[in-house]
Each structure stands twice: as C-alpha cells, then as structure tokens.
Engineer: 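After the structure tokens below, expect a handful of questions from me.
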There are 2 protein chains.
Amino acid sequence: MRAYAQQDHGHDHHHDGADGRHGCGRCAESATERAERLCQERGLQFTPLRRDVLAVVAAEGRPLGAYDIAERMSGQGRRVAAVSVYRALDFLTEQGLVHRISSRNAFVSCEHDHGDGASLVFLICRSCGGIDEMTAPAVESALDATLAQAGFTPTSRILEVEGECGSCRERRRREG
Amino acid sequence: MRAYAQQDHGHDHHHDGADGRHGCGRCAESATERAERLCQERGLQFTPLRRDVLAVVAAEGRPLGAYDIAERMSGQGRRVAAVSVYRALDFLTEQGLVHRISSRNAFVSCEHDHGDGASLVFLICRSCGGIDEMTAPAVESALDATLAQAGFTPTSRILEVEGECGSCRERRRREG
DNA sequence: TCGGGCCATGTTACAGTGTATCAGCCGCAC
DNA sequence: GTGCGGCTGATACACTGTAACATGGCCCGA
C-alpha cells in the first residue's frame, strides 16, 4: 500500500508488514507540521489535543476508531476521553486534515494537499487493513455528469472501495 | 426523488412530500413478491421475519435504522428484537434485496434488478431524507480503470452522495 | 480592572449501533 | 427416532456517537 499513492508524502516506505501497520514517527511529524502551518494560515488553534490526535492517526497509517485513539493517548497519568477525541476529530475533519471512513467508523489522516472540493477515493485493503486515498478526476467527472443528469446537487461524496492491495496480492501469490 | 431512477419500479409515484416519506403498500408488496420469487429460484427461505423486514424497509422509501425497523414491527403483542432484524438484514443484503447506507448506518430496499456485480450510486437528499439508487456505468468503468492502475483488486464499492434532489431544489426555488 | 463572551476541554450520562452466545424450535435426511 | 443444520428468541455486552453542563483560559470593551 501507499506504493501507488498518486502524491507521495516525502519518504518512501510501506506500511504493509505482515503485522499490519506500525507507528511511524515520521508520518506523524510531517502531518502535524503541515497542520500547524495550515491552522496558522487560517487563524485557527492547533491545540495540543488536536496535535496529539492527529499524530496518533498519522502514525498509524490505517483507519483508527475514536476509542482506539483515546486509548493510545491515555496512560501515564493522562486520561483522554473519547468525547474529546471526537471533538478534535471534528475539527481535523473540517479542516481536511483527517478523513472519516464511513464503512469502518474510523479515521485516517490525510496525507495529500488536495484542494477543498476534490472528492477522494479510499482504497481499503481487507488483508493488511491499510488504506490509501487517491484523487480520481475521471471518476469525479463521470460522477458529476451522472448527478447533473439526475438533477441532483451534491454537497459531499463518499467513495470507498474494499479489496486487496497490490502488495498483499503479490505476497499472497508468492506465498501460495 | 425517484423521478430520475434509471429503472422505474412499476408505478409512478414520488415519495417526496413535505413530510418526507410515507409508507407505501405497493412498494412493499412488489418488493416482497420479487424477493419471494428470487429466494425460490435460489433455494433459500423467505421467512415471515425476512418478508416483514423487507416490507417495512420497502414501504418506507428512505434509509431506516435497524432499531427503527424493529420498532415498527413491534406492537400488538409482537416484539421483534433488533438482533433478529440484523439477521434478516444480513440475509437480505447478501441477496441484494436491501442495501446498507454506510454514511447513515441505515438500510434501504433495492428496487432494481441490477446484476450481481453492478456497483450502485446512492443519492441521499439532505432536505427530504429520500434516497435513490442508480447504476452509473461511466462512473464504474472510470473507477475500475483507476483501481486497475493502482493495482488494487476491488471486492466491494461504496458510493454515496449527499446533496439536494431535484424535487427539493425545485420546491425550494419556488417557495423562495 | 472588572465583567462578559467565546473557545477548548473535562466529565458524566445516555442514546444509538452492532455482535457474541446460548437455547429452543422445526424440517429434513439418515 | 436421532442427529443435523438453519431460523428465531433472548440476554448480555461491546462499540460508536452525542447531549448537557462545568471549568478554565483568552481577548475585548466598558
């Protein structure tokens, strides 16, 4: 996974070990840095809570539930309630820093600098649990044409595909 | 809504009153008849519970939650637990008689005789709560091409669009 | 400086969604 | 009859999400 991301995010690694995803400090770091800059530009507060939630999600590289996030952030005297996580996620989602995966009730960090209106396609691998997002202009225009013909005015689009990613397919083929 | 359904379901009516959807006996009837036939063909049991769940969903014409369905089926001495509804919905979903709307955690009856592999687009109106499903071959082929390029093997696709349907848009324009 | 408004967060409670598990029933094949 | 598998009932529980209220910090105008 991620090997086929249309827009790579700087360092070339794959999160597709047999164990699923691993925490990646570099992903988390670049994500928070980008978010910090973006919030500053927009005059919004990038609070520690929001930063930490984003860092956890970004480090994971696969969809995480709000309660999982809360759990990861808690410990060592700190207790983060799921409500707080939800609020932070609301904020991050509004700012396009995090995306919600409806089919999983989970969240992933957005690693693309796509425009506001862009509709994304999420590719979720059933085998490794990894996820990738990509823009697909051809799909988008075809969909827009279909909607226009139907007289429907869209405000948001959800496009999630489940299946098997290239890496897993390859591995399965090799291993039998 | 439904005015633009690509494949009509027999009688020409719209479920878009100002009050949202109404129960439609004819929708329910045709849906259960079709389901009965289909189950017979496939050698599956179309039990009373499954029939009733389908009838409730079909009569509604908009996404219904499992607990809503259970509530509607209960009363007058009969009590249907949500678990039973879920099981029936699992069955109906597997048979393609009902679709799950991920973004709403709700279910709608399928009124089309589309093939097994067809991927559907769901149009959900924020104003009237109505929903329509349509096949969109152009979208599908564009998506397939994109996935193939990414090396991703899809097993299921979710395509849900929120917005305003033609009827609501027209009404809003008229009423100011 | 004081007060008020706004925002972010904490806290509790609760509503809504979904699954695991066990038990009973029924039809059917052996 | 006996066993088996599929369907349903029932309870309990896990997971997901929101409402409501309280607190503390910050800025801003009086």
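Protein chains get the first letters and strands the later ones, always in sequence-line order, with residue 1 at the start of each.
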Engineer: Between B:S84 (side chain) and B:V80 (backbone), is there a donor-acceptor pair under 3.5 Å?
Structural biologist: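 Looks like no, no N/O pair under 3.5 Å.
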
Engineer: How close or far is atom P of C:dA8 from atom CZ of A:R51, stated in whole angstroms?
Structural biologist: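 Distance, rounded to whole Å: 16 Å.
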
Engineer: Between A:T155 and B:E162, is there a donor-acceptor pair closer than 3.5 Å when you use the side chain of the first and the backbone of the second?
Structural biologist: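 Yes: the side chain of A:T155 pairs with the backbone of B:E162.
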
Engineer: Rounded to the nearest Å, what distance is computed from the CG atom of residue B:D90 to the C1' atom of nucleotide C:dT17?
Structural biologist: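 After rounding, the reported distance stands at 13 Å.
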
Engineer: Picking from D:dT18, D:dT8, D:dT11, which would you name as closest to the side chain of B:T47?
Structural biologist: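 Looking only at side-chain atoms, B:T47 lies closest to D:dT8.
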
Engineer: Counting side-chain heavy atoms from CB outward, which of C:dT9, D:dG6, D:dT8 is closest to B:R87?
Structural biologist: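 So the nucleotide nearest the side chain must be D:dT8.
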
Engineer: Are B:R157 and B:E140 close enough for a salt bridge, meaning some N to O gap below 4.0 Å?
Structural biologist: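 No, this pair does not count.
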
Engineer: So, B:S103 and B:E160: side-chain donor and acceptor under 3.5 Å apart, yes or no?
Structural biologist: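 Per modelled atom types, B:S103 and B:E160 side chains form a pair under 3.5 Å.
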
Engineer: Which nucleotide, D:dG9, C:dA8, D:dT16, lies nearest any side-chain atom of A:Y67?
Structural biologist: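 Of D:dG9, C:dA8, D:dT16, D:dT16 is nearest to the side chain of A:Y67.
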
Engineer: Rounding to an integer number of Å, can you tell me how far B:I101 CD1 sits from C:dG18 P?
Structural biologist: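 Atom CD1 in B:I101 sits about 12 Å away from atom P in C:dG18.
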
Engineer: What is the distance, to the nearest angstrom, from the CG atom on B:L64 to the P atom on C:dG16?
Structural biologist: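 Between P of C:dG16 and CG of B:L64: 14 Å.
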
Engineer: Could you state the atom-to-atom distance from CD1 of A:I69 to P of D:dC15 in whole Å?
Structural biologist: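 The answer, rounded to whole Å, is 15 Å.
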
Engineer: Between A:F91 and A:R79, who's closer to the 5' end of DNA chain C by nearest nucleotide?
Structural biologist: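 Per heavy-atom nearest nucleotide, the more 5' residue is A:F91.
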
Engineer: By nearest heavy atom, map B:R50 and A:R100 onto DNA chain D; which one lands nearer the 5' end?
Structural biologist: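 The answer here is B:R50.
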
Engineer: Quick one: is A:S84 getting a side-chain N or O under 4.0 Å of the C:dG10 phosphate, OP1 or OP2?
Structural biologist: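 The answer is yes; a side-chain N or O of A:S84 sits under 4.0 Å from OP1 or OP2.
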
Engineer: Under 4.0 angstrom, heavy atoms only, what part of the nucleic acid is B:V80 near: base, sugar-phosphate, or nothing?
Structural biologist: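 Since no nucleic acid heavy atom lies under 4.0 Å of B:V80, the category is nothing.
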
Engineer: Take the protein atom CD of B:Q95 and the nucleotide atom C1' of D:dC7, then report the distance between them rounded to whole Å.
Structural biologist: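 So the CD-C1' distance, B:Q95 to D:dC7, works out to 15 Å.
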
Engineer: So, is B:N105 close to the D:dT16 phosphate, meaning a side-chain N or O under 4.0 Å from OP1 or OP2?
Structural biologist: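 No, no such contact exists.
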
Engineer: Regarding B:R51 and the six-membered ring of B:F46, is the cationic atom NZ or CZ under 6.0 Å from the ring centre and inside 45° of its axis?
Structural biologist: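 Pair B:R51/B:F46 does not count as cation-pi.
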
Engineer: Roughly, in whole Å, what's the span from CG in A:D52 to C1' in C:dG10?
Structural biologist: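 Rounded to the whole Å, the gap is 16 Å.
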
Engineer: So, OP1 or OP2 of C:dG18: does either fall under 4.0 Å of a side-chain N or O from B:Y86?
Structural biologist: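 Yes, B:Y86 has a side-chain N/O under 4.0 Å of OP1/OP2 on C:dG18.
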
Engineer: Tell me: CD of A:E71 to C1' of D:dT16, nearest whole Å?
Structural biologist: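 For the pair A:E71 CD and D:dT16 C1', the rounded distance is 14 Å.
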
